[in-house]
Amino acid sequence: MCSRTNPRRSRTGRPRSTEADTAILEATRAALVELGWSKLTMGDVAGRAGVAKTTLYRRWANKNELVVDAVAVLFDELELPDLGSLQADIEHVVLQFAALLERPETKTALMAVVAESTRDEPLRERIRASIVDRQKRLVLAGRERAQLRGELPPGRDPSTADATDDLIFDVIAGAVVHRALVSAEPVDAPWVARLSALLVGGLGAAATAGA
């Protein structure tokens, strides 16, 4: 006897497709590079990704959310290897970050969402949650590793440690973005070495002040 399974009856819900999400986010970045923010539409992204427009709206309420997520997944590629010292770890991450900003899709998407967020508070909050807060993991991991190595003293006051982590992130992100995207100067190994030496030199003083 042959049994037949009805896929509609056996399905308990409509699972999200990783492949569809990847195609949509790639299409979003490609459309941004080609069309710019003002001409980008959900319909255009759906056509490029080969999905229905309703598929996009089930995942993202609007273009702002979609573009932020398209940028966020790129920054998730950043990694913090253990190279034996805090300065070497910082240099590696900064060079990764600079290489990421050289990619047209990253540069265009990041500048577009930042510019748009100046007049859109919900978009600014989404950038903070999806990009900034997620990437602070690198600073936390770097500090904890440096403390285990004895390069930095153990933190005593969590609130001070959090403020220092925020400052480190702001200094690195601000310096690299300004040099790469505003000044259009190279973020090369000599510049990165100077930046990391400045950070490492200041971290001990900041940790002592907050102890």
Are [X] and [Y] joined in one hydrophobic group, where the rule is that I, L, V, M, F, W and Y side chains link up if heavy atoms are under 4.5 Å apart?
X      : Y      : answer
Leu140 : Val94  : no
Phe169 : Val200 : yes
Tyr57  : Val51  : yes
Leu181 : Val33  : no

Which heavy atom of [X] sits nearest a heavy atom of [Y], and at what distance?
X      : Y      : value
Gln96  : Pro81  : NE2-CD, 4.5 Å
Leu86  : Gly142 : CD1-O, 3.9 Å
Ala189 : Leu95  : N-CD2, 4.4 Å
Arg103 : Glu77  : NH1-OE1, 3.0 Å
Leu83  : Ala88  : CD1-O, 3.6 Å
Val113 : Leu123 : O-CD2, 3.7 Å

Under 4.5 Å between any side-chain heavy atoms of [X] and [Y], yes or no?
X      : Y     : answer
Arg149 : Asp82 : yes
Glu65  : Asn62 : yes
Arg58  : Thr54 : yes
Leu74  : Arg29 : yes

Exercise for the section: Please round to the nearest 0.5 Å and tell me the distance separating atom CD of Gln147 and atom CD of Glu144. Expected result: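 So the CD of Gln147 and the CD of Glu144 are separated by 7.0 Å.
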Problem - Spacing of OG1 belonging to Thr28 relative to CG belonging to Asp44, to within rounding of 0.5 Å - result: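 Thr28 atom OG1 to Asp44 atom CG measures 9.0 Å (nearest 0.5 Å).
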Practice task
Quick one: do Asp76 and Arg134 satisfy side chain to side chain contact (heavy atoms under 4.5 Å, CB included)? Show the steps, please.
Solution key: CA-CA 8 Å; Asp76 286 342; Arg134 264 162 53 178; 2.5 Å; yes
Are the side chain of [X] and the backbone of [Y] linked by a donor-acceptor contact shorter than 3.5 Å?
X      : Y      : value
Glu34  : Ala30  : no
Thr118 : Ala115 : yes
Ser117 : Asp120 : no
Arg48  : Ala27  : no
Lys39  : Leu32  : no
Ser196 : Ala193 : yes

Handout entry: Residues Trp37, Lys63; criterion side chain to side chain contact (heavy atoms under 4.5 Å, CB included); working and verdict
Key = CA-CA 9 Å; Trp37 177 276; Lys63 180 173 76 172; 3.8 Å; yes
Practice task
Go through Leu25 and Leu66 one step at a time and tell me if the side chain to side chain contact (heavy atoms under 4.5 Å, CB included) criterion holds.
Solution key: CA-CA 8 Å; Leu25 297 177; Leu66 173 60; 4.0 Å; yes
Practice task
Would you check if there is a donor-acceptor pair between the side chains of Gln135 and Arg137 at a distance under 3.5 Å?
Solution key: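 The answer is yes; a qualifying pair exists.
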Practice task
Report yes or no: do Gln87 and Glu91 form a side-chain donor-acceptor pair below 3.5 Å?
Solution key: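 Side-chain D/A pair, Gln87 to Glu91: present.
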Exercise for the section: Give a yes or no on this: more than 12 heavy atoms of other residues, nucleotides or ligands lie within 6.0 Å of atom CD of Glu185. Expected result: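 Yes, CD of Glu185 has more than 12 neighbouring heavy atoms, counting only those of other groups under 6.0 Å.
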Handout entry: Carboxylate-amine/guanidinium contact Asp89 Arg143, below 4.0 Å
Key =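 The answer is no: the pair does not qualify as a salt bridge.
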Handout entry: Salt-bridge criterion met for Asp69 and Arg126 (N-O under 4.0 Å)
Key =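 Yes, charged N to carboxylate O under 4.0 Å.
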Exercise for the section: Report the C-alpha separation of Val67 and Trp60 in whole Å, then their side-chain angles, then the decisive distance to 0.1 Å, and conclude whether the side chain to side chain contact (heavy atoms under 4.5 Å, CB included) test is met. Expected result: CA-CA 9 Å; Val67 173; Trp60 297 277; over 6 Å; no
Exercise for the section: Check each of Asp166, Ile131, Asp165 against Lys136 using the side-chain contact (heavy atoms from CB on, under 4.5 Å) test, and report the only one that passes. Expected result: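 Looking at Asp166, Ile131, Asp165, the match for Lys136 under the side-chain contact (heavy atoms from CB on, under 4.5 Å) is Asp166.
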Handout entry: Worked check of salt bridge (Lys or Arg N to Asp or Glu O under 4.0 Å) between Asp133 and Arg128
Key = CA-CA 6 Å; Asp133 290 346; Arg128 183 179 296 114; 5.8 Å; no
